[in-house]
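The sequence lines fix the lettering, A, B, ..., with proteins before strands; numbering per chain opens at 1. Note: hydrogens, waters and symmetry copies are ignored here, and every other heavy atom, side chains too, is used. None of these values were measured; they are calculated from a predicted model.
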Protein chains: 2
Amino acid sequence: MATIYQVSELAGVSLATVSRVMNNNARVSEATRNKVLDAMAQLGYRPNSIAQSLASNRSNSVGILVSELHGPFYGEMLSGIENECRAAGKHVIIAAGHSEAESEKDGIEFLISRNCDALILHVEAVSDDYLIKLAGGKLPIVLINRYIAKLADNCISLDNELGGYLATQQLLQQGHTQLAYIAGPMWKSDAKDRYAGHLRAMAEHGLTFNPALLAEGDFRDSGGSACMQRLLATKLPFTALVCANDEMAAGAMEVAREQGLQVPQDLSIVGFDNLILARYIYPKLTTIDYPIGEMGRMAARWVLKNIYQQQALQLKNVFEPALVCRDSACSL
Amino acid sequence: MATIYQVSELAGVSLATVSRVMNNNARVSEATRNKVLDAMAQLGYRPNSIAQSLASNRSNSVGILVSELHGPFYGEMLSGIENECRAAGKHVIIAAGHSEAESEKDGIEFLISRNCDALILHVEAVSDDYLIKLAGGKLPIVLINRYIAKLADNCISLDNELGGYLATQQLLQQGHTQLAYIAGPMWKSDAKDRYAGHLRAMAEHGLTFNPALLAEGDFRDSGGSACMQRLLATKLPFTALVCANDEMAAGAMEVAREQGLQVPQDLSIVGFDNLILARYIYPKLTTIDYPIGEMGRMAARWVLKNIYQQQALQLKNVFEPALVCRDSACSL
DNA sequence: TTGTACGCGTTATCAT
DNA sequence: ATGATAACGCGTACAA
């Protein structure tokens, strides 16, 4: 592989000049610039990004930590991030945190050890304090899907409360008054917020929620199934069900079908996230759209603006969810 | 950030000695080793991986090119790769190729410019010749889901022909004799191979395939829907349908339902890939399992063994698909 | 076993 | 506008 030195030799200029034409930062005469460009082309020169990093103290890489690489959710997010970063010539290093505190910390350590210029984190298990301390270091971080007041500027989050509100409101407007709710793990803030939105919508319609019709799941379809069984076992009547995410909605729907309930005639269901699967299950799921791809993009833009000085970019910290009407909920 | 130099000073030894204890390669006395370790701990020393890379000419990073980051397929693959790599302390740089030749080449160039030690590629649009030339360079590559005879050792592939055979055989064993087939884009080798397997199974059962019952799709659900409509428009009778992947099966199933066909009573359908959605659609899809996660793992192991000298690893180049029986196909 | 000194391929700070 | 030259932090012959 040709080095900058060989280029300078062939072009008959110094090292420094070659570096200048590469980085376009200092004035170089048209004539010498062309000589250098020619030499580069002849030698098939490629800058060694490692050496660049060492000398400039920038790795041009941004580290991403997600809970899982598989699953329908993170792919969208990664896709948004990668797009934006690559267009800017930055590369993306990924690690998985598996929703477990130690593992998340491990992943973060790993990314730090890789000299990333910034970190984009989708973490769930790690504490606010840990993140605040981390943010206090010299390595900038952006948080996706998490809001910490002290780090508000570094958070790209969804208004989960509003989402929960919209989901429930839709059912109430369709005339339902007996609603059940399958929640996510209540120690997760998004699960809590979505539920809060549910309660707000109920209250606004003058309804009180029967705690017996609340089941706490795990955000997975098996959990949704289990919760649905528990709800049915109460023998309490309900004509509509809101689920804190689509996967649990799918699990619940399956159980409903097994029990001979028609969706949506006997039971209306609304989910949350608008995963791809929401379009595949039958009947197609009415749900709340979570613009995770856009949020990934925005996190990348945050980094580009704050770390790589792309001043022009517009930033936005909190995204609003929107209702997506399909076939799983209908009027009473 | 502390450097190796400060550690050596605090420990009262030379640079070289510190380097030796880090890399565990040369003998260092127990006493000095401990002094060094202590000094490291005191300073909170972290090796600078960039400098390590420059000096050792190894970046400890492996580049991954996939078609898309989102979608149900690549996530599994990335997950397998990341797992295996991180356990070995290597990191993973990702790029998307979007199934388009120029874009795939771009992505590869991008990864090369990042000084990866090896590349794991899931490419579809780029030519065999390009890949053979690429493999001729100094940067090792592994191909997933692609078989090129000249690069056989670098290919981790699935026996697609066998998969196509198994899918069709299942239907034939269930007594079906009138089968339709929705293929992938025939310029893709996996689409071609799966179809070849279909034909072999038909032939073995003494059946000849009616070309009018073949529709060529695009591996996406909308294509599956379109193909299904074309097939129905022929008015030719068929009681079973083989789809070259799950997404098209989902699209076809939707059209079938709209046309009042009951699956599987009126029409048996089998897919290919065993995506997560296969479990979510209704009825649950009988399909061929594509062990893409395992294959990603294996590609990572290939790199660990061949590039990072982990001799102990067992390698395997071609994987066998297996039938997964669910509810979308039944006996006549 | 330990230390010296050079090289890895750039960037950046001086001069000129 | 261009050229020397010193970092950047580490690996590794070679020497001791």
Query raised in the report: Just checking, any donor-acceptor pair under 3.5 angstrom between side chains of B/Tyr308 and B/Asp117?
Result: yes
Query raised in the report: Of all the nucleotides listed (C/dA5, C/dT10, D/dG3), which has the minimum atom distance to the side chain of A/Ala55?
Result: C/dT10
Query - Check: B/Ala96 main-chain N/O paired with A/Arg86 side-chain donor or acceptor under 3.5 Å - result: yes
Query raised in the report: Taking atom P of D/dG9 as reference, at what distance in whole Å does atom CG of B/Leu43 sit?
Result: 14 Å
Requested in this report: Record whether the side chain of B/Arg46 comes under 3.5 Å of the base of D/dG9 through a donor-acceptor pair of N or O atoms.
Outcome: no
**Report entry** Whole angstrom value for the distance that separates P of D/dG11 from CG of B/Asn24
**Finding:** 12 Å
Query raised in the report: Contact class for A/Val13 vs. all strands (heavy atom < 4.0 Å): base, sugar-phosphate, or nothing?
Result: sugar-phosphate
Query raised in the report: Across the strands shown, which category fits A/Thr32 at heavy-atom distances under 4.0 angstrom: base, sugar-phosphate, nothing?
Result: sugar-phosphate
Query - Exam field: side chain B/Ser103 to backbone B/Gly97, donor-acceptor pair closer than 3.5 Å - result: yes
Report summary line: Result for 5'-nearest mapping on DNA chain C, choosing between A/Tyr5 and B/Glu30, is B/Glu30
Query raised in the report: C/dG9 P sits how many Å from A/Ile50 CD1, rounded?
Result: 11 Å
Report task. Starting at atom CZ of B/Arg20, determine the distance to atom C1' of C/dT1, rounded to an integer number of angstrom. Result -> 8 Å
**Report entry** Which nucleotide in C/dT13, D/dG9, C/dT11 has an atom nearest any side-chain atom of B/Asn48
**Finding:** D/dG9
Report summary line: A/Lys35 NZ to D/dA1 C1', in whole Å, measures 12 Å
Query raised in the report: How is A/Ser29 classified with respect to the nucleic acid when contacts are heavy atoms under 4.0 Å: base, sugar-phosphate, or nothing?
Result: sugar-phosphate
Report task. Take the protein atom CZ of A/Arg27 and the nucleotide atom C1' of C/dA12, then report the distance between them rounded to whole Å. Result -> 18 Å
Query raised in the report: Which nucleotide, D/dT12, C/dA12, C/dT11, lies nearest any side-chain atom of A/Ala16?
Result: C/dA12
Query raised in the report: Base, sugar-phosphate alone, or nothing: which one does B/Asn23 contact when heavy atoms must sit under 4.0 Å apart?
Result: sugar-phosphate
Report task. When you get a sec, tell me which of C/dA5, D/dC8, C/dC8 is the closest nucleotide to the side chain of B/Leu54? Result -> C/dC8
Query - Between A/Asn145 and A/Ser157, a side-chain donor and acceptor under 3.5 Å - result: no
Report summary line: Heavy-atom nearest nucleotide on DNA chain C taken for B/Ser56 and for B/Thr17; more 5' hit belongs to B/Thr17
Report task. Examine C/dT10: is either OP1 or OP2 under 4.0 Å from a nitrogen or oxygen in the side chain of A/Tyr45? Give yes or no. Result -> yes
Report task. Quickly work out the A/Glu9 CD to D/dA4 P distance and round it to whole Å. Result -> 12 Å
Report task. Nearest whole angstrom, please: distance from the C1' of D/dG11 to the CG of B/Leu15. Result -> 10 Å
Query raised in the report: So, is A/Ser14 near the phosphate of D/dG3, with a side-chain N or O under 4.0 Å from OP1 or OP2?
Result: yes
Query raised in the report: Are any non-hydrogen side-chain atoms of B/Leu69 and B/Tyr74 less than 4.5 angstrom apart?
Result: no
Query raised in the report: Closer to the 5' end of DNA chain D via nearest nucleotide, is it B/Asn25 or A/Ala51?
Result: A/Ala51
**Report entry** Side-chain N or O of A/Gln52 closer than 4.0 Å to phosphate OP1/OP2 of C/dT11
**Finding:** yes
Query raised in the report: Side-chain contact, heavy-atom cut-off 4.5 Å: B/Asn306 with B/Leu315?
Result: yes
